[in-house]
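The first residue of the sequence shown is numbered 1, and numbering continues consecutively from there.
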Amino acid sequence: MEKAEFIRIAPAYYELAVVLALQSKPGYVPEFDIRRMYTIHPDDAADPEDNYCLVGNSDLFRIAIQNLVEKQVIEALLDPFGPSQFKEGDGLGDYLAEQRKNAASPFYKAEASGDVDWWLKDALHGLDSVANRIGITPQDFQDPEGDWAPIPLDRADVRVQNAIEQVDQTIAHVEQNNGYGTAYPEEKRFVLDNLKLLSDTLKNAASTSITYIKTHGLNALQKLQERFGTALIGEAAKEASKALWTLIKEAVKAVL
């Protein structure tokens, strides 16, 4: 297997591990609990360091979490010092339905085996073996070329129209919230600057890219969701994220 192919398909296995872990417990599940669920404890291991985590690749874990958050499959509860926590998101049902129809997905294959947990753990072990054999390093995960592939912007496309509408509504809500600017002036400026850049691109450019939408759209919208939760701005940001995800969905599937 080539490195590019590994980088393209490997995150989906970590995504499945995260989703299954969150389905096994109610509410938020901390990152260390997810890793604990996929840690192998050899019977003859006298040293705890001999334990082996099947989701121990930090780059793959980060990419999987990012993918799931962007697709609204999971929700993240972040802390500047403590471990991140995650729970099921509004998009989980659609995600699972899509995976069940895709014969190439790890989820489809795991369910077909009759033992999802056992199949996935075997697959994760195989994933690590391949990563070691072909020499995967953290540098291999930096800026995959597919994220820069042009996404044509047809203003007659209802997905583009909806993305513009939802982003502009979020901008309006942020601009009208004076308390946000008083408490977090630089954060508000960061959010508005990025969302306005994205709005202008969606309205006037011939194309954009996954990287551009993530950088100027999804990252800023995630900041709003973390800050405002289920309040008006948070919900507006969530709807804008869904619209952007719909816009880039096929492009994302092609490169992740």
Side-chain angles (χ1 to χ4, degrees), residues 11 15 18 22 28 62-80 84-95 143 147-148 151 153 155 157-205 207-253 255-256:
E15 288 183 27
V18 171
L22 298 193
Y28 282 104
R62 169 182 53 79
I63 292 170
I65 291 295
Q66 179 179 315
N67 291 346
L68 293 170
V69 168
E70 288 174 357
K71 299 179 223 181
Q72 310 279 323
V73 178
I74 67 174
E75 293 183 15
L77 181 62
L78 308 179
D79 184 87
S84 299
Q85 301 178 69
F86 311 99
K87 71 175 181 178
E88 298 177 6
D90 294 340
L92 178 61
D94 290 341
Y95 174 82
D143 295 325
D147 275 13
W148 291 104
I151 300 175
L153 294 173
R155 250 66 70 177
D157 188 329
V158 293
R159 294 173 299 180
V160 175
Q161 295 172 2
N162 186 46
I164 292 171
E165 179 182 350
Q166 296 298 335
V167 169
D168 282 352
Q169 285 184 8
T170 303
I171 290 172
H173 287 310
V174 173
E175 287 180 327
Q176 293 165 13
N177 191 305
N178 296 326
Y180 187 25
T182 300
Y184 308 99
E186 290 303 314
E187 182 178 303
K188 181 177 181 179
R189 183 163 67 88
F190 166 84
V191 167
L192 287 175
D193 285 353
N194 279 281
L195 292 182
K196 287 178 178 179
L197 277 172
L198 178 61
S199 177
D200 182 68
T201 295
L202 294 177
K203 292 173 182 175
N204 300 301
S207 64
T208 186
S209 68
I210 296 172
T211 295
Y212 192 94
I213 292 175
K214 286 181 176 180
T215 300
H216 298 295
L218 294 171
N219 289 348
L221 293 167
Q222 179 62 28
K223 178 73 67 178
L224 291 175
Q225 291 178 68
E226 292 168 6
R227 176 69 65 195
F228 292 98
T230 58
L232 182 61
I233 294 180
E235 289 299 311
K238 180 182 290 188
E239 292 305 311
S241 293
K242 289 180 181 178
L244 291 176
W245 170 246
T246 299
L247 180 62
I248 68 174
K249 187 174 183 180
E250 294 306 314
V252 171
K253 284 170 59 179
V255 299
L256 293 180

**Asked** Looking only at atom types and distance, does a side-chain atom of Arg155 sit under 3.5 Å from a main-chain N or O of Leu202, one as donor and one as acceptor?
**Response** yes
**Asked** What distance separates Leu247 CG from Asn162 CG, expressed to the nearest 0.5 Å?
**Response** 9.5 Å
**Asked** Is there a side-chain contact between Leu195 and Leu221, using heavy atoms and a 4.5 Å cut-off?
**Response** yes
**Inter-residue atom distance Leu244.CG - Leu198.CG, 0.5 Å rounding** = 5.5 Å
**Request:** Check whether any side-chain N or O of Ser241 sits under 3.5 Å from a backbone N or O of Ala237 as a donor-acceptor pair, and report yes or no.
**Result:** yes
**Request:** Work out which heavy atom in Ala243 is nearest to a heavy atom in Ala163; give both atom names and the distance.
**Result:** CB-CA, 3.8 Å
**Message:** Taking the side chain as everything from C-beta on, heavy atoms only, tell me whether Tyr180 gets closer than 4.5 Å to Leu224.
**Reply:** yes
**Complete:** Residue pairs passing the salt bridge (charged side-chain N to carboxylate O under 4.0 Å, His left out) test with at least one member in residues 215-233, sequence neighbours excluded, are Glu187-Arg227
**Item:** From Glu88 atom CD to Ile74 atom CD1, the distance as rounded to the nearest 0.5 Å
**Value:** 10.5 Å
**Prompt:** Taking the side chain as C-beta and beyond, is there a heavy-atom pair between Glu175 and Lys196 under 4.5 Å?
**Reply:** yes
**Message:** Here's a test for you: under side chain to side chain contact (heavy atoms under 4.5 Å, CB included), which of Leu77, Val18, Val73, Ile65 qualifies with Phe86?
**Reply:** Ile65
**Request:** Taking all heavy atoms of Ala64 and all of Pro11, pick out the closest pair and write down the distance.
**Result:** CB-O, 3.9 Å
**Prompt:** For the residue pair Val167 and Ala240, what are the closest heavy atoms and their distance?
**Reply:** N-CB, 4.2 Å
**Item:** Backbone of Leu92 reached by a side-chain donor or acceptor of Gln72 within 3.5 Å
**Value:** no
**Prompt:** If only atom types and distance count, is the side chain of Lys188 paired as donor or acceptor with the main-chain N or O of Asn177 below 3.5 Å?
**Reply:** yes
**Prompt:** Excluding sequence neighbours, so at least two apart, what forms salt bridge (Lys or Arg N to Asp or Glu O under 4.0 Å) with Glu75?
**Reply:** Lys238
**Complete:** So CD of Gln176 and CD1 of Ile233: to nearest 0.5 Å the spacing works out to 9.0 Å
**Request:** Under the side-chain contact (heavy atoms from CB on, under 4.5 Å) rule, what do His173 and Glu235 come out as? Steps first, then yes or no, please.
**Result:** CA-CA 10 Å; His173 287 310; Glu235 289 299 311; over 6 Å; no
**Message:** So which atom in Thr170 and which in Ala236 form the shortest heavy-atom distance, rounded to 0.1 Å?
**Reply:** OG1-O, 3.2 Å
**Request:** Please name the pair of heavy atoms, one in Asn194 and one in Thr215, separated by the smallest distance, quoted to 0.1 Å.
**Result:** OD1-O, 3.8 Å
**Request:** Starting from the C-alpha separation in whole Å, work towards a yes-or-no answer on side-chain contact (heavy atoms from CB on, under 4.5 Å) for Gln161 and Val158.
**Result:** CA-CA 5 Å; Gln161 295 172 2; Val158 293; 4.2 Å; yes
**Item:** side-chain contact (heavy atoms from CB on, under 4.5 Å) between Gln225 and Val69, worked out
**Value:** CA-CA 11 Å; Gln225 291 178 68; Val69 168; over 6 Å; no
**Prompt:** If you round to the nearest 0.5 Å, how far is CD1 of Ile164 from CD of Gln169?
**Reply:** 12.5 Å
**Item:** Nearest-0.5 Å distance that lies between atom NE2 in His216 and atom OG1 in Thr201
**Value:** 7.0 Å
**Message:** Test side-chain contact (heavy atoms from CB on, under 4.5 Å) on Ile151 and Tyr212; report intermediate values, then the result.
**Reply:** CA-CA 10 Å; Ile151 300 175; Tyr212 192 94; over 6 Å; no
